[in-house]
Amino acid sequence: MLKVNEIFTSIQGESTSTGYLTVFVRLTGCNLRCSYCDTRYAYDEGQLMTVGQVYSDIARRGIKRVCITGGEPLLQPDVQRLIDMLEDYEVSIETNGSVDLSQFKLYDRHRFVMDMKVPSSGSSNSMNYENFNYLRSHDEIKFVIGNKSDYYWAKDVIKKYYKRGIITFSPVYGVIEPVEIVNWMIEDKLDNVRFQLQLHKYIWDPGIRGV
Ligand SMILES: C[S@@+](CC[C@H](N)C(=O)[O-])C[C@H]1O[C@@H](n2cnc3c(N)ncnc32)[C@H](O)[C@@H]1O
Ligand SMILES: Nc1nc2[nH]cc(C(=O)O)c2c(=O)[nH]1
Ligand code: SF4
Ligand SMILES: [Mg+2]
């Protein structure tokens, strides 16, 4: 069984597949409490569904991209069974950097988007740096930055631990102006990092669910 907060169709607003129509499966529950979390409603609220019911809901939408998120989606043991059923889909899994990723088996066309929680999130002490050994070149390592110390912290983590994968920086929505991060990247000639914004927050009201 899976405890599911919401399933909806939208455009992917984050990661390198931004802009593609995607089915989002948001699983309930999280082990962290980030200062800026825009999804607090997923900490407890949700309905129990069988893995088969979740799969059927995805399949009837007729869209070949799926984003498994939360909450922290990798805390529910049955998530592996859902991943296994999605062989024909392009799947991205948003995960918070605290979970041991070596325990999951992904198809080649599936990928992790691993968020390394920066100091201003309040969650950076929970990061699992072993994960850098398991990420593949098409997985993503994401830093959501709220101030200049976070930016320095992110650069330091990359220097110490980076092996493979696509690195992205994005702003904490409403906390820092995007241009500030871009200007720091230009000053530092940071040409191995891809900057991104949460696209859905510019299309819809940033406070609404299910988009
Ligand atoms: C809601 S989380 C769910 C997946 C997982 N718990 C995690 O944190 O990666 C999905 C993504 O949204 C990002 N996010 C949450 N609140 C945000 C905010 N206020 N501004 C920018 N990104 C935010 C998180 O950093 C994370 O990368
Ligand atoms: N449109 C849209 N794209 C997203 N990409 C990752 C999301 C998430 O909450 O994990 C998300 C989300 O909530 N909405
Ligand atoms: S890990 Fe993700 S879902 Fe959990 S509190 Fe942080 S941003 Fe929110
Ligand atoms: Mg979101």
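Order of appearance sets the numbers: ligands from 1, and atoms from 1 within every ligand. One-based numbering along the sequence shown.
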Item to check | Gly207 backbone acceptor or donor facing Lys201 side chain under 3.5 Å | outcome: no
Checklist entry - Is a donor on one side and an acceptor on the other found under 3.5 Å between the side chain of Tyr162 and the backbone of Gly165? => result yes
Just wondering, do [Y] and [X] contact through their side chains at under 4.5 Å, heavy atoms?
X	Y	answer
Lys117	Met127	yes
Ser126	Leu32	yes
Val23	Lys64	no
Thr9	Ile63	yes

Among all the protein's non-hydrogen atoms, which is closest to [atom], and how far away is it?
atom	result
atom 15 (C) of ligand 1	Asp38 OD1, 3.2 Å
atom 26 (C) of ligand 1	Asp115 OD2, 3.3 Å
atom 20 (N) of ligand 1	Tyr173 N, 2.9 Å
atom 9 (O) of ligand 1	Thr95 O, 3.3 Å
atom 10 (C) of ligand 1	Glu94 OE1, 3.7 Å

Does at least one non-hydrogen atom of [X] fall below 4.0 angstrom from an atom of ligand 1?
X	result
Gly71	yes
Pro171	yes
Lys117	yes

Checklist entry - When the ring centroid of Phe8 is compared with that of Phe24, is the distance short of 6.0 Å? => result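 That pair passes the under 6.0 Å test.
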Checklist entry - What part of Leu32 sits under 4.0 Å from ligand 1 if we count only heavy atoms: the side chain, the backbone, both or neither? => result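 Leu32 to ligand 1: no contact under 4.0 Å from either part.
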Checklist entry - Which part of Gln198 is near ligand 1, with near meaning a heavy atom under 4.0 Å away: side chain, backbone, both or neither? => result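 For Gln198, only side-chain atoms sit under 4.0 Å from ligand 1.
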When you compare ligand 1 with [X], is there at least one nitrogen or oxygen pair between them that comes in under 3.5 angstrom?
X	value
Tyr36	yes
Lys142	yes
Thr39	no

In residues 98-114, what donor-acceptor pairs under 3.5 Å come from side-chain atoms, sequence neighbours left out?
residue : atom : partner : partner atom : Å
Ser98   : OG   : Asn31   : ND2          : 2.9
Ser98   : OG   : Asn96   : OD1          : 2.7
Asp100  : OD1  : Ser102  : N            : 2.9
Asp100  : OD1  : Ser102  : OG           : 2.7
Asp100  : OD2  : Ser102  : OG           : 3.3
Gln103  : NE2  : Asp100  : O            : 2.9
Tyr107  : OH   : Asp84   : O            : 3.0
Arg109  : NH1  : Glu87   : O            : 3.4
Arg109  : NH1  : Asp88   : O            : 3.1
His110  : NE2  : Leu86   : O            : 2.9
His110  : NE2  : Tyr89   : O            : 3.2
Arg111  : NH1  : Glu140  : OE2          : 2.4
Arg111  : NH2  : Ser17   : OG           : 2.4

Checklist entry - Among Lys201, Glu72, Glu14, Met116, which one has a heavy atom closest to atom 11 (C) of ligand 1? => result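 Going through Lys201, Glu72, Glu14, Met116 one by one, Glu14 has the nearest heavy atom to atom 11 (C) of ligand 1.
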Per-atom contacts, ligand 1 versus [X] - under 4.0 Å to a heavy atom:
X	value
Cys37	16 (N)
Thr69	3 (C), 4 (C)
Val172	20 (N), 21 (C)
Gly70	1 (C), 3 (C)
Val144	21 (C), 22 (N), 25 (O)

Next on the checklist: I'd like to know if Lys159 pairs up with Asp156 as an ion pair, taking the criterion as any Lys NZ or Arg NE/NH1/NH2 lying under 4.0 Å from an Asp or Glu carboxylate oxygen.
Outcome noted: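 Looking at Asp156 together with Lys159, the answer is no, because their closest N to O distance does not fall below 4.0 Å.
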Checklist entry - Hey, which of Ile167, Thr168, Asp150 is the one that makes side-chain contact (heavy atoms from CB on, under 4.5 Å) with Phe143? => result Ile167
Checklist entry - Looking at Tyr43, is Arg33 sitting on its ring face, NZ or CZ under 6.0 Å from the six-membered ring centre and within 45 degrees of the normal? => result yes
Checklist entry - Do Arg209 and Tyr41 meet the cation-pi criteria used here (NZ or CZ under 6.0 Å from the six-membered ring centre, within 45° of the axis)? => result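 So Arg209 does make the cation-pi contact.
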Checklist entry - Taking the inter-plane angle between the rings of Tyr173 and Tyr202 on a 0 to 90° scale, is it parallel (under 30°), tilted (30 to 60°) or perpendicular (over 60°)? => result perpendicular
Next on the checklist: With a 4.0 Å heavy-atom cut-off, what residues sit around ligand 3?
Outcome noted: Cys30, Leu32, Arg33, Cys34, Cys37, Tyr43, Gly71, Asn96, Lys117
Item to check | Nearest heavy-atom neighbours spanning Ala154 and Ile145 | outcome: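 Between these two residues, the closest heavy atoms are CB-CD1, 4.4 Å.
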Next on the checklist: Testing the basics here: between Val144 and Val118, what is the closest heavy-atom pair and its distance to 0.1 Å?
Outcome noted: O-CG2, 3.2 Å
